[in-house]
Amino acid sequence: MAKSDSFPTHLPATLGELRTSEWTFERVTRSVKDELRDNLIAKLRMKETLFPGVVGYEDTVIPQIVNAVLSRQNFILLGLRGQAKSRILRGLTTLLDPVVPYIAGSEIRDNPYKPLSQYSRDLIAAKGDATPIAWLTPDERYVEKLATPDVTVADLIGDVDPIKAARSGEQLSSELTMHYGLLPRANRGIFAINEVPDLAGKIQVALFNIMQEGDVQIKGYPVRLQLDVAITFSANPEDYTARGKIVTPLKDRIGSEIRTHYLDSIEQAINVTEQEAWATRSGLEIEVPRYIREVVEQIAFVAREDKRVDKRSGVSQRLPISVMELVISNAERRALMHGETIAVPRVGDIYTALPGITGKIELEYEGEMRGADTVVRDIIKTAVQRAFDGYFSGVNTQQIEEWFNLGGTVQLSDAVAAETSLKELQQIQGLFDKLKPLGLEKRAGNESLVSAAEFLLEGMTAHKRISRNEERSFTAGEKQSRKERAQNFHEEIRDKERDREDYRNRTKRGFN
């Protein structure tokens, strides 16, 4: 029965009550995969949103997951870090019934009508209709394990417990001396294994054996468990294919391999960061301009393309989320220091968020040689340039450049009050007239005006129309000789050729 159908409000407390209740034998004994399928069908018919909070997969990943669930298959999500794999797996609980009954006290949540464990069978034989019944919620029916090389069969499947044997007086060969692992305890639910290639080979063998045959040997004692469980996996594609860390029999028993991906557009990325980042702060009004959001998202997009960043590791969507929180915090700190009532982030605040970036990217040899801070500053500069081009590509900034060429300088600091910075910026002739593409309000406050003007100057710096030093002092752009211009031109051509070659190589690997 689908979750949208009406469920009985009274939950039986004993096996006898369950048998005479509206909880039919068919409903209680339905398998987990059938339950997921039925509830998914109901959601599709009602046109409900599947996997709330997951953005950008509506036409790619989610249809493949729907097909796998409709086919009652175990499946694996293959993707780099920060591609919502765990969120999707946890979202499968929305396809489970609100509650399901099980034998109270059973470690493996035995079905009252089809008990697997000796404990439940003995309890029903002794108490009959008086056997106590408990109830499971969807969250209790989801078990997740991060695979690591030190995971053992005991962790995953179970082990003989000598202490339990001594207390109960049972022989070690008795099933009642078993301490069940995570997989049996996920019975009648969903079991998710993250980074499955990191499991040792013998653990993978035990896993597929219990998936396929329902049995496993623990210290020479054969344990047969016909578990009712939907098993899902996640992995990095590099580990799952090229390095051969997954045993072939287990790979063969996984129904669908579903590839996740990074978000395709800045708009989608902004929506995710807005959804996930902690941006509502007490005591202050926070106003994040659209162009700041675009620069923050562009950092991740640029980093994924940068040859100095390790492509196999990937650049997680957590990067812009962390950066946005740090950017807001720096703006908040500035506002609190100067008694301002509104905090508006600036590009300078993004540069203070380096700790939120360097820890989330892994560099290639060339990047290591340059240094993480240098690489990240280059990435931020390129991100600013891309966002700048979206607003000012057709804007003539010659008047501003001439002001600097005549000896004008402006120093901006992320720690200086908006009123002070505004006085500095008002010296620049024609600066504020060029901010119209940003759509500022007619009565924009000092904080918004400073943020917008700094964005314009940073974009001009990225295009080398003016210069800026590490102390954030803006000056005239450096004049390039004909030889330097020619050298930069040829370097740009070589970079584009390398990019095309990289793309061709990735395409070939994809087809192979």
Side-chain angles (χ1 to χ4, degrees), residues 11-15 18 23 28-33 35 74 92-93 96-97 99-147 151-193 199 203 206-232:
L11 300 179
T14 65
L15 182 58
L18 183 68
W23 294 84
V28 176
T29 57
R30 181 179 53 169
S31 72
V32 173
K33 290 181 179 178
E35 179 185 339
N74 300 317
L92 289 170
T93 57
L96 294 171
D97 288 343
V99 286
V100 293
Y102 73 103
I103 302 293
S106 169
E107 291 182 72
I108 61 173
R109 295 104 67 94
D110 272 307
N111 190 314
Y113 294 135
K114 291 183 177 181
L116 295 179
S117 68
Q118 187 65 47
Y119 165 84
S120 294
R121 293 196 297 269
D122 291 348
L123 187 64
I124 292 174
K127 295 195 173 185
D129 284 350
T131 301
I133 298 296
W135 297 83
L136 288 167
T137 63
D139 287 341
E140 293 171 326
R141 297 173 67 190
Y142 178 80
V143 178
E144 185 174 287
K145 175 64 178 174
L146 175 62
V151 172
T152 64
V153 173
D155 297 329
L156 214 57
I157 311 298
D159 201 355
V160 174
D161 188 345
I163 297 176
K164 185 185 287 189
R167 288 178 177 174
S168 64
E170 298 285 346
Q171 297 290 324
L172 284 176
S173 60
S174 169
E175 183 187 327
L176 294 173
T177 65
M178 281 285 301
H179 174 79
Y180 292 106
L182 287 173
L183 181 56
R185 290 174 186 270
N187 186 37
R188 305 183 67 221
I190 300 166
F191 185 53
I193 305 179
L199 286 176
I203 312 301
L207 182 62
F208 82 70
N209 201 56
I210 204 164
M211 283 171 60
Q212 187 72 18
E213 309 297 338
D215 61 31
V216 68
Q217 288 192 1
I218 298 176
K219 292 188 175 176
Y221 174 65
V223 177
R224 188 158 185 83
L225 292 172
Q226 294 291 347
L227 298 174
D228 175 20
V229 61
I231 303 180
T232 58

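The residues of the chain are indexed from 1 along the displayed sequence. Worth knowing before you read on, the calculation uses all heavy atoms, side chains too, and leaves out hydrogens, waters and symmetry mates. It should be emphasised that the depicted structure is a prediction, and the values quoted were computed from it without experimental measurement.
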What are the two closest heavy atoms between [X] and [Y], and how far apart are they?
X: Pro132; Y: Lys127; result: CD-CD, 4.3 Å
X: Ile133; Y: Thr14; result: CG1-C, 3.4 Å
X: Phe191; Y: Ala186; result: CB-CB, 3.9 Å
X: Ile157; Y: Pro184; result: O-CG, 3.2 Å
X: Gly128; Y: Leu15; result: O-CD2, 3.8 Å
X: Pro112; Y: Ile103; result: CA-CD1, 3.6 Å

Spacing of [X] atom [atom1] and [Y] atom [atom2] [to the nearest 0.5 Å]:
X: Arg109; Y: Leu227; atom1: CZ; atom2: CG; result: 10.5 Å
X: Lys145; Y: Ile193; atom1: NZ; atom2: CD1; result: 9.5 Å
X: Thr29; Y: Arg188; atom1: OG1; atom2: CZ; result: 9.5 Å
X: Lys33; Y: Ile231; atom1: NZ; atom2: CD1; result: 7.0 Å
X: Leu18; Y: Asp129; atom1: CG; atom2: CG; result: 10.0 Å

Using a 4.5 Å cut-off on heavy atoms from C-beta on, say whether the side chain of [Y] contacts that of [X].
X: Thr137; Y: Leu96; answer: no
X: Tyr102; Y: Ile108; answer: no
X: Val99; Y: Trp23; answer: yes
X: Asn187; Y: Glu107; answer: no

Polar side-chain atom of [X] near backbone of [Y] as donor-acceptor pair, under 3.5 Å:
X: Asn111; Y: Val28; value: yes
X: Arg185; Y: Tyr180; value: yes
X: Trp135; Y: Ala13; value: no

Can you name the residues that form a side chain to side chain donor-acceptor pair (under 3.5 Å) with Ser120, not counting sequence neighbours?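 Once residues adjacent in sequence are excluded, the partners of Ser120 under the side chain to side chain donor-acceptor pair (under 3.5 Å) criterion are Asp110, Ser117.
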
Original post:
Does Arg141 pair with Glu35 as a salt bridge, N-O distance under 4.0 Å?
Top reply: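 Yes, Arg141 and Glu35 are salt-bridged.
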
> Thinking salt bridges, do Lys114 and Asp228 make one under a 4.0 Å N-O criterion?
Replying inline: no

The single option from Val143, Val229, Asp155 that satisfies side-chain contact (heavy atoms from CB on, under 4.5 Å) with Leu183 is Val229

